[in-house]
K.L.:
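Starting off with a structure, shown below.
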Protein chains: 2
Amino acid sequence: MAKETIAGLAKRLGISKASVSYALNGQPGVSELTRRRVLDLAEELEWYPSSSARALSRSRAGAVGMVLSADPLLIGTEPYYMGLLAGIETALAEGDMALLLRMVAKDPAQERATYERWAGERKVDGVLVFDHLHDDPRPALLERLGLPFVLHGAPDTGSPPALSGTTADHGADSATIVHHLDAGGHRRIAHVSGPQTFLHEEERIRGVRECAARHGIRVEHYEADYALESGRKAMTHLITAGSAGPPTAVVFGNDLMSMGGLLALRDLGLRCPDDVAIISWDDSLHCQLASPSVTALSRNPGMQGRVAAELLLSLLDTGEVQTRSMPGSELVVRSSTSPT
Amino acid sequence: MAKETIAGLAKRLGISKASVSYALNGQPGVSELTRRRVLDLAEELEWYPSSSARALSRSRAGAVGMVLSADPLLIGTEPYYMGLLAGIETALAEGDMALLLRMVAKDPAQERATYERWAGERKVDGVLVFDHLHDDPRPALLERLGLPFVLHGAPDTGSPPALSGTTADHGADSATIVHHLDAGGHRRIAHVSGPQTFLHEEERIRGVRECAARHGIRVEHYEADYALESGRKAMTHLITAGSAGPPTAVVFGNDLMSMGGLLALRDLGLRCPDDVAIISWDDSLHCQLASPSVTALSRNPGMQGRVAAELLLSLLDTGEVQTRSMPGSELVVRSSTSPT
DNA sequence: CGTATTACCTGAACCGGTTCAGTAGTCCCA
DNA sequence: TGGGACTACTGAACCGGTTCAGGTAATACG
């Protein structure tokens, strides 16, 4: 229990520190016999190498960082993040990396300051970046800081890729959704997206617009901010601010907004799906529990986190910059688009 | 951008490493002039001290750990954890501590191994422990490992407290709930709790039983496991396995089980609250969105996390073992207990 | 005026690992 | 028999901070 050190182990075994180190790290330069003796002793003493000493001499922190930059309110209610986190942690644990988590209010300056600090202190070996923005300043910043990173939801920039990241086929997702609505006979739909500063929203908007055009469906776009209330407001606006007739179906950018939309319908005395159908771009327990239950695109956040983390690990390990596309999302059809 | 070191700064300024270190850490032994020069240069160069070097020489990791030990499925759906995390992170950030997060399946051996590893590697300065168990082996383990910890939901062990932790007044919470049901005229209620291995569940069960007895209310207890399905099963059992008449109100140990209960009622063709009222021991968006919306005890997980983290910080800082009781929970009355 | 005190500063040791250059010893083969 | 190659091992430097035990020089005191 007294804190042993490598020097201590060496003395006990009558060999040098160097040999102990080689033995522990599976490096050549020691006989099998010596290696066994070292490993056995380490186990017997329940000894582990000091992470800080190791980090110092290897100039490697043994940890990756992740800044969750969102409204504290949203963080607490958005199940997507938890799933993502779980996936990330699982992958990192397998690669023997620790996860440093930092939550900041939606404030670019704070996120930036965190990266600068982490890079300066060499506290993390790399970071996971989420929600790629239009003209995102973060890749350039991280590049300048020399901090390796993986961009979750990166643009597909051809090969070889310019930066490491995961890509999702938003066009295919859009098509899945629009096809489903088309099959349901909808001719006037609305798309309530998150902020267009997010690159993936831009792609989704385009995807929906183009696919709808091909099917001769009129689509109205409304920009909101992922919060429950903004979904409610969007729906109210779409129904009451009568442009050329209200939509018969509304696609929401996440589950919370979908819930808001549902509430708005109830307040307006309209029925879902009979009067207005609803689709959520994100599945979660909320969609299952709502009444009516909400048709949703299941994106498997756990898997996404896992893949992103694996990319980062291999980037740190081999320096290999690569992108990986997410497995296609699956549409879970529920009552909100199935007229009775 | 070239990675500066303390030696580099010292050379530039023509002074010794020691002086630079003293200046940076606000320690005596340098003139105000020198201190300013050092700080200015550090800022100009965007220099930060290497965390691993600092950790090594101070023998302090600058991080605290937290093991989230739960079903991956539950972690992803249970909003309580996210709120807790957000609170913890906020407090830690203010104290300049990093948060190391580790998620493991509900497996005591893995949690134990994580603590042993962290202690051995001196990777964290302390840990946050959640969900105090009956005969919890963790305090003794952490004591043996010499790892300071704060127990969230510790028993109130008089003064001076034996270990650092937060306490909640489960008796008062129980009373709040039972009073509300009593006022609603309920005479036969059921309490669907989480596993009794959790100390707080034990206290809740006792609290509900005793308070109900004082009011002449009959209470039936059912042990479940926090999952949606178990709530559903519990409700089904309570209604159909007719003991002396089904309850007119059911208290669920968390929000997920409450949702399950609601689903079961729907399946059984019963109406809430007219046939059976529901109260959740945990508030969340689910309770607000459900139809009917569910009366819930709001426990403010963010605040709880914050307090726990602050306790740990002060324990690490001053070594002071203390307990702090959580601000009382508040009952948010909604439709599920308000007959129309 | 001599000495004790203080303020400021420095060289060197230290934290606990990794790693490089170098030293024996062994084996092999011409 | 001698030398090249290989294996097993070691001492010491190094990573980048912190901290301790002095050492000046200036100031205070009797």
Side-chain angles (χ1 to χ4, degrees), chain A residues 2-39 41-42 45-63 96 117-125 146, chain B residues 2-39 41-42 45-63 96 117-125 146:
Chain A
K3 40 183 177 174
E4 267 300 347
T5 70
I6 264 210
L9 298 201
K11 193 143 44 110
R12 282 173 194 256
L13 294 170
I15 59 179
S16 72
K17 277 170 62 180
S19 295
V20 176
S21 175
Y22 290 142
L24 288 168
N25 295 303
Q27 247 149 328
V30 278
S31 64
E32 267 321 303
L33 174 66
T34 308
R35 190 185 303 278
R36 265 263 62 82
R37 292 210 303 142
V38 170
L39 292 177
L41 182 60
L45 299 177
E46 292 187 15
W47 177 88
Y48 293 90
S50 147
S51 63
S52 43
R54 195 169 246 191
L56 179 59
S57 53
R58 284 191 182 164
S59 348
R60 222 155 173 291
D96 226 0
R117 189 105 191 269
W118 277 349
E121 297 183 335
R122 271 137 294 171
K123 192 153 188 107
V124 298
D125 297 317
Chain B
K3 40 183 179 174
E4 269 298 350
T5 70
I6 264 209
L9 298 200
K11 192 141 44 108
R12 282 174 195 256
L13 294 170
I15 59 179
S16 71
K17 277 171 61 180
S19 296
V20 176
S21 174
Y22 290 141
L24 289 168
N25 295 302
Q27 249 150 328
V30 278
S31 65
E32 266 321 303
L33 174 66
T34 310
R35 190 184 304 277
R36 266 264 60 82
R37 292 210 303 143
V38 170
L39 292 176
L41 182 61
L45 299 178
E46 292 186 14
W47 176 88
Y48 294 89
S50 147
S51 63
S52 44
R54 195 168 245 190
L56 179 58
S57 54
R58 285 193 181 162
S59 349
R60 219 153 175 293
D96 227 1
R117 190 105 191 267
W118 277 349
E121 296 183 336
R122 269 138 295 170
K123 193 153 188 107
V124 298
D125 297 317

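Lettering of chains follows the sequences in order, A, B, ..., and the numbering in each one begins at 1.
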K.L.:
If you take all heavy atoms of G62(A) and K123(B), which pair is closest and at what distance?
P.N.:
O-NZ, 3.8 Å
K.L.:
Using modelled atom types and a 3.5 Å cut-off, is there a donor and acceptor pairing between side-chain atoms of R36(B) and backbone atoms of S31(B)?
P.N.:
no
K.L.:
Please report the distance, rounded to the nearest Å, between CG in L13(B) and P in dC9(C).
P.N.:
11 Å
K.L.:
Is any NZ, NE, NH1 or NH2 atom of the basic residue among D96(A) and R117(B) found under 4.0 Å from an Asp or Glu carboxylate oxygen of the other?
P.N.:
yes
K.L.:
With respect to the phosphate group of dG16(D), does any side-chain polar atom (N or O) of W47(B) fall under 4.0 Å of OP1 or OP2?
P.N.:
no
K.L.:
Establish, with yes or no, whether the OP1 or OP2 oxygen of dT10(D) is under 4.0 angstrom from a side-chain nitrogen or oxygen of S16(A).
P.N.:
yes
K.L.:
Under 4.0 Å: is that the gap between some side-chain N or O of S31(A) and OP1 or OP2 of dC9(D)?
P.N.:
yes
K.L.:
Starting at atom CZ of R58(A), determine the distance to atom P of dT19(C), rounded to an integer number of angstrom.
P.N.:
7 Å
K.L.:
Whole angstrom is fine here: how far is it from CG in L33(B) over to C1' in dC8(C)?
P.N.:
12 Å
K.L.:
So S21(A), base contact, sugar-phosphate only, or nothing? Heavy-atom distance under 4.0 Å.
P.N.:
base
K.L.:
Considering only heavy atoms and no angle criterion, is a donor-acceptor pair shorter than 3.5 Å present between the side chain of K17(A) and the base of dG11(D)?
P.N.:
no
K.L.:
Rounded to whole angstroms, how far apart are CZ on R37(B) and P on dC8(C)?
P.N.:
14 Å
K.L.:
Could you say whether A18(B) or R122(B) is positioned toward the 5' end of DNA chain C, judged by the nucleotide with the nearest heavy atom to each?
P.N.:
A18(B)
K.L.:
For the OH atom of Y22(B) and the NZ atom of K17(B), what is their distance to the nearest 0.5 Å?
P.N.:
12.0 Å
K.L.:
Establish, with yes or no, whether the OP1 or OP2 oxygen of dC9(D) is under 4.0 angstrom from a side-chain nitrogen or oxygen of T34(A).
P.N.:
yes
K.L.:
Start at the 5' end of DNA chain D and walk down; is the nucleotide closest to S52(B) or to Y22(B) reached first?
P.N.:
S52(B)
K.L.:
Taking D125(A) for the side chain and R60(A) for the main chain, is one N or O donor matched with an acceptor at less than 3.5 Å?
P.N.:
no
K.L.:
What's S19(B) touching, base or sugar-phosphate or nothing? Going by heavy atoms closer than 4.0 Å.
P.N.:
base
K.L.:
Give the rounded distance in Å between these two atoms: CG of L56(A) and C1' of dT19(C).
P.N.:
13 Å
K.L.:
Whole-Å distance between dT18(D) P and Q27(B) CD?
P.N.:
8 Å
K.L.:
Whole Å only: how far is the CZ atom of R60(B) from the P atom of dG16(C)?
P.N.:
16 Å
K.L.:
Tell me the interatomic distance from I15(B), atom CD1, to dG11(C), atom C1', rounded to whole angstroms.
P.N.:
14 Å
K.L.:
Are R54(B) and dT18(D) close enough that a side-chain N or O sits under 4.0 Å from OP1 or OP2?
P.N.:
yes
